[in-house]
Each structure stands twice: as C-alpha cells, then as structure tokens.
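These numbers come from the heavy atoms of this one structure, side chains and all, not from hydrogens, waters or symmetry mates.
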Amino acid sequence: MRILVLANTPAHVHLYRHAVDRLERAGHDVLVLTREYACTTDLLDYFGVPYRVYGDHETEGYSTLAFGRELGGQFLSIGLQAIRFDPDVVFGRGPYAAVAGTLTRTPVVLVLDDEPGDFNHTVSRPFADCIISPDVTRRDLGAAHYTFDGFKECAYLHPDVFEESDDIREYLDVGPDEPYVIVRFNALDALHDTALEGFGPDQRRDLIERLSEAATVFVSDEGDEMDLRDLPARPYDLHPAMIHDAMAEASLLVADTGTMVNEAALLGTPAIRYRGTDDHEYGEFQELERVGLAEQFDEYDAVRDRALDLLGDDEVGARWQRRRQEYVGDLVNLTELLVDVARSRGNLERLEGSTKRVLRPRSQSIQ
C-alpha cells in the first residue's frame, strides 16, 4: 500500500509518527507532505520520517487574507507531489488533504479535534471518506464521522506508546530532586488564533519572577520574542523532540496554548492553561478538567496564584500520577487505530471487529 500523510505542524508529526513507523515496518510505502513551519521538519528529521516539503509558513501575525494567498502555491505543490506518489489513502485535515485526495481520486481520512474554526471542517468535510475525532468533540460532521474514547495526543502519549527518557534531567542540567516548571508562550499565528491574545509582556515577566521563587523555570517561547537575560529563567533549548520527556518530569506546566496543556495532563503533570481572550469551549479541556488533570482560567491573577499553590503542595505530583493511571490507561491507543484504518484504505467496513468496537458513529455519541 501507499499511504500519504499531510502533516502541517509539530503536533501533526507526533500524531502520525508512530503509525508511519509501524506501517513502514509492515512493508507499506509512506510519504509525509509537510511545510516549513516552526520545528515541523526538525521533528520529521529527528524521528526519521520520510517527507517532502510543499511550502512554508512563517511564525508571525496571520490573517485570513494571508492564508488565502499562501494556499495557492501550496495547493499546486501538494497536487503535483500527490499525483506523483499515487497513494491508496490520504490522511490529514483541512483543504490540504482534500486537494490531495481529490486530485488522486483517493479515499481521504481526516483526523480532527475540537478546534474553534469551521473553515477546515467546511472545506474538507465533503471530500472525506472517513472522519475520526475524540468523543469529546462537540460537533457532528455527518455520516462519515466516527469518534473514539481518547484524545489525538493518545497517538504518542498513551501509556502503551510513550516511553519516558531516563536522562532528561541530565540534559536539562537540573538535580534529581530539583523542581522545575515549563512555561509555554504561544505565538498565536495559526488561522484559528487570529485576533486572540495570551499572556501580555508584563504578565510574562511577573509569572516568571513569581514561579522562580519556588522552582527552576524553563521558558518555551514559540514566537521567540522574549529576552530572558534579566529574568530568573532559562530558555528551553533542547531538541523539540524531547519536550514530552521534559514535561513528564516537570512539576508543573503553565501555558496559553492548548496542545501542550493536553499533553502535560495526559502525562500526569499538573497543567494550567491561561485562556486570555479565547472564549471557545474546547471539549478536550473540559474533559481533562473533569478528571482533575488540567485547569484553565480566564484571569491572569488566577493562573499565577493557582500555579504557586500547586508548587507549594508536596503531594501534587503523586496525586496527578494516580489520576493519570486511573484515567489515561483506559483510553484508546490511537496509533493502533490509525494503522488499522490505513490498512482498510479508510473503509471502516473492512476493519476487524476489535477495531470497529472502539469507533462509534458521531450521531450516536454526541451529547
């Protein structure tokens, strides 16, 4: 079989990388089409994933108009490379997967989450043969939409898949019992982030200074805008592929970005999200809040105060790990599901009974 995957962001690389490895080892031919964006190609190189670049996207202010201009040349490149590869099934999301599937007359599998914008869904839904999303997704995308009990991050953070590094503290240069916090600042440059605001400059400084009184602070600044020379913090400067090992060992994650909060929560690390001006209700966050693995706040002061409370509680780490063991282990291993769906060429009727049982038509599972 020939499987084409559209991976536009670092999160997409993690979503598919284990499935790509499994499929290649089984003798299938897999190609990832990607763009130069943040650390996306760095991750593909690190994990040895075969890929070709169809375009780029800079980490800067974004708009719908800029998005439209960007798409023209990228669609041409995607189309030409997809036709040349001649896939049996296409995985991805949005107009990128739709173009590849349409031009090659190939079944399209969309793997989605509860993102706020309707653009990706509106454009790609008519071209999808199969749509897969977590049960917590709160929209119904039609007869081809199926859900599973878990999160897209379960493709790489499920306990059956994730193996934590034993020497991450050595790489970070922190002591064996030294508490540390990872603070993640969002670049807010994606289409669905347009006009949103996260931590402001003064809030960033205040947060770092206050957290540093209780723990070593590592800053992961997606927009690469902060000068840390006069602040009590260290840049997170390990290879981006090691971020999940670092999060798993951290005492706390504080962020104004969604994916890393989900990831930390599924790893059993206390995670706090600052919503800023984002008033969209994400099903993923609501579920993780429900089981006590993540928290989110609308006000900056609440974020700071809760972070300090958690750092001052010696039992927090053990409490969160118990919650993880009780909850995450029972979720679906998404990598196994993606591999089975790929082998079926996106036709769920071809799936074996055990795999079929973990998927439910969205019309039956929506609340």
**Request:** Start with the C-alpha gap between Tyr274 and Phe297, add the side-chain angles, then the distance that decides, and say whether ring pair (Phe, Tyr, Trp, His ring centres under 6.0 Å) holds.
**Result:** CA-CA 5 Å; Tyr274 176 46; Phe297 299 93; 9.4 Å; no

**Request:** Indicate whether the side chain of Thr40 and that of Glu36 have a donor and an acceptor atom separated by less than 3.5 Å.
**Result:** no

**Request:** Inspect the contact between Arg319 and Asp313 and indicate whether a charged nitrogen and a carboxylate oxygen are less than 4.0 angstrom apart.
**Result:** yes

**Request:** For Arg35 and Asn8, indicate whether the former's side chain and the latter's backbone hold a donor-acceptor pair under 3.5 Å.
**Result:** yes

**Complete:** To the nearest 0.5 Å, atom OG1 of Thr355 lies from atom CG of Leu348 at 10.0 Å

**Request:** Let me see the working for Asp88 and Ile3 under side-chain contact (heavy atoms from CB on, under 4.5 Å), right down to the final yes or no.
**Result:** CA-CA 6 Å; Asp88 295 299; Ile3 299 127; over 6 Å; no

**Prompt:** Do Ser133 and His145 have a side chain donor and acceptor closer than 3.5 Å?
**Reply:** yes

**Request:** Assess whether side-chain contact (heavy atoms from CB on, under 4.5 Å) is satisfied between Val303 and Phe199, documenting all intermediate values.
**Result:** CA-CA 10 Å; Val303 171; Phe199 290 111; 4.2 Å; yes

**Asked** Is it true that a side-chain atom of Tyr327 and a backbone atom of Arg322 form a donor plus acceptor pair closer than 3.5 Å?
**Response** no

**Item:** CG/Asp167: more than 12 non-hydrogen atoms of other groups inside 6.0 Å
**Value:** yes

**Asked** Between Arg345 (side chain) and Pro107 (backbone), is there a donor-acceptor pair under 3.5 Å?
**Response** no

**Message:** Could you check whether any side-chain N or O of Ser212 sits under 3.5 Å from a backbone N or O of Arg210, counting only pairs where one atom can act as donor and the other as acceptor?
**Reply:** no

**Request:** Determine, step by step, whether Val181 and Thr216 satisfy the side-chain contact (heavy atoms from CB on, under 4.5 Å) criterion, reporting the C-alpha distance in whole Å, the side-chain angles of both residues, the deciding distance to 0.1 Å, and the verdict.
**Result:** CA-CA 6 Å; Val181 179; Thr216 299; over 6 Å; no

**Message:** Can you tell whether the side chains of Arg2 and Asp29 come within less than 4.0 Å, N to carboxylate O?
**Reply:** yes

**Asked** Can a donor-acceptor pair be found between the side chains of Tyr51 and Asp45 at a distance below 3.5 Å?
**Response** yes

**Asked** Looking at Phe162 versus Tyr156, is the centre-to-centre ring distance below 6.0 Å?
**Response** no

**Asked** With the threshold set at 4.0 Å, does a side-chain nitrogen-carboxylate oxygen contact exist between Arg169 and Glu249?
**Response** yes

**Request:** Taking only Lys NZ, Arg NE, NH1 and NH2, and the carboxylate oxygens of Asp or Glu, determine whether Asp227 and Arg205 approach each other closer than 4.0 Å.
**Result:** no

**Request:** Step by step, work out the side chain to side chain donor-acceptor pair (under 3.5 Å) result for Glu263 and Thr259.
**Result:** CA-CA 6 Å; Glu263 291 171 335; Thr259 296; 5.9 Å; no

**Asked** Should the pair Asp340-Arg350 be classified as a salt bridge under the 4.0 Å nitrogen-to-oxygen rule?
**Response** no

**Side-chain donor/acceptor of Arg323 to backbone N/O of Gly292, under 3.5 Å** = yes

**Message:** Please check if the number of heavy atoms outside Asp230 that lie under 6.0 Å from its CG is greater than 12.
**Reply:** yes

**Message:** Just checking Glu170: does its CD atom have more than 12 heavy atoms from other residues, nucleotides or ligands closer to it than 6.0 angstrom?
**Reply:** no

**Asked** Are side-chain heavy atoms of Leu253 and Met260 found at a separation under 4.5 Å?
**Response** yes

**Item:** Carboxylate-amine/guanidinium proximity below 4.0 Å for Glu287 and Arg290
**Value:** yes

**Prompt:** Can you tell me how far CD of Gln325 sits from CG of Asp330, rounded to the nearest 0.5 angstrom?
**Reply:** 11.5 Å

**Prompt:** Just by distance, do the side chain of Glu289 and the backbone of Gln296 share a donor-acceptor pair under 3.5 Å?
**Reply:** yes

**Asked** Any ion pair linking Arg275 and Asp256 (charged N to carboxylate O, less than 4.0 Å)?
**Response** no

**Complete:** Residues joined to Leu76 in its hydrophobic cluster, side chain to side chain under 4.5 Å directly or through other members, sorted by chain and number, are Leu80

**Request:** May I ask you to check whether Arg184 and Ser220 show a side-chain donor-acceptor distance below 3.5 Å?
**Result:** yes

**Request:** Considering only NZ, NE, NH1 and NH2 on the basic side and carboxylate oxygens on the acidic side, decide whether Asp21 and Arg25 come within less than 4.0 Å.
**Result:** yes

**Prompt:** So, does Arg343 use its side chain to make a donor-acceptor pair with the main chain of Leu351 at under 3.5 Å?
**Reply:** no

**Message:** I need the Tyr46 OH to Arg17 CZ distance, nearest 0.5 Å.
**Reply:** 9.0 Å

**Complete:** d(Ile83 CD1, Ile78 CD1) to nearest 0.5 Å is 12.0 Å

**Message:** Whether the side chain of Thr104 engages the backbone of Ala100 through a donor-acceptor N/O pair (distance < 3.5 Å, no angle test) should be reported.
**Reply:** yes

**Request:** Measure across Asn262 and Glu284 and return the closest heavy-atom pair with its distance rounded to 0.1 Å.
**Result:** ND2-CB, 3.8 Å

**ring-ring contact (aromatic ring centres under 6.0 Å, His included) involving Tyr16 - partner list, sequence neighbours excluded** = none

**Request:** Give a yes-or-no answer on whether the side chains of Asp206 and Tyr300 include a donor-acceptor pair shorter than 3.5 Å.
**Result:** yes

**Message:** More than 12 heavy atoms of other residues, nucleotides or ligands under 6.0 Å from CD of Glu178: yes or no?
**Reply:** yes

**Message:** Quick check for you: to the nearest 0.5 Å, what is the distance between Asp221 atom CG and Phe185 atom CZ?
**Reply:** 7.0 Å

**Message:** Can a donor-acceptor pair be found, under 3.5 Å and without considering hydrogens, that links the side chain of Ser124 to the backbone of Pro95?
**Reply:** no

**Message:** Can you confirm whether Trp320 sits close enough to Leu310 that some side-chain heavy atom of one is under 4.5 Å from a side-chain heavy atom of the other?
**Reply:** yes

**Request:** Find the distance between CZ (Phe218) and CZ (Arg234) and round it off to the nearest 0.5 Å.
**Result:** 3.5 Å

**Request:** Give a yes or no on whether the backbone of Ala246 and the side-chain of Tyr180 come within a donor-acceptor separation of less than 3.5 Å.
**Result:** yes

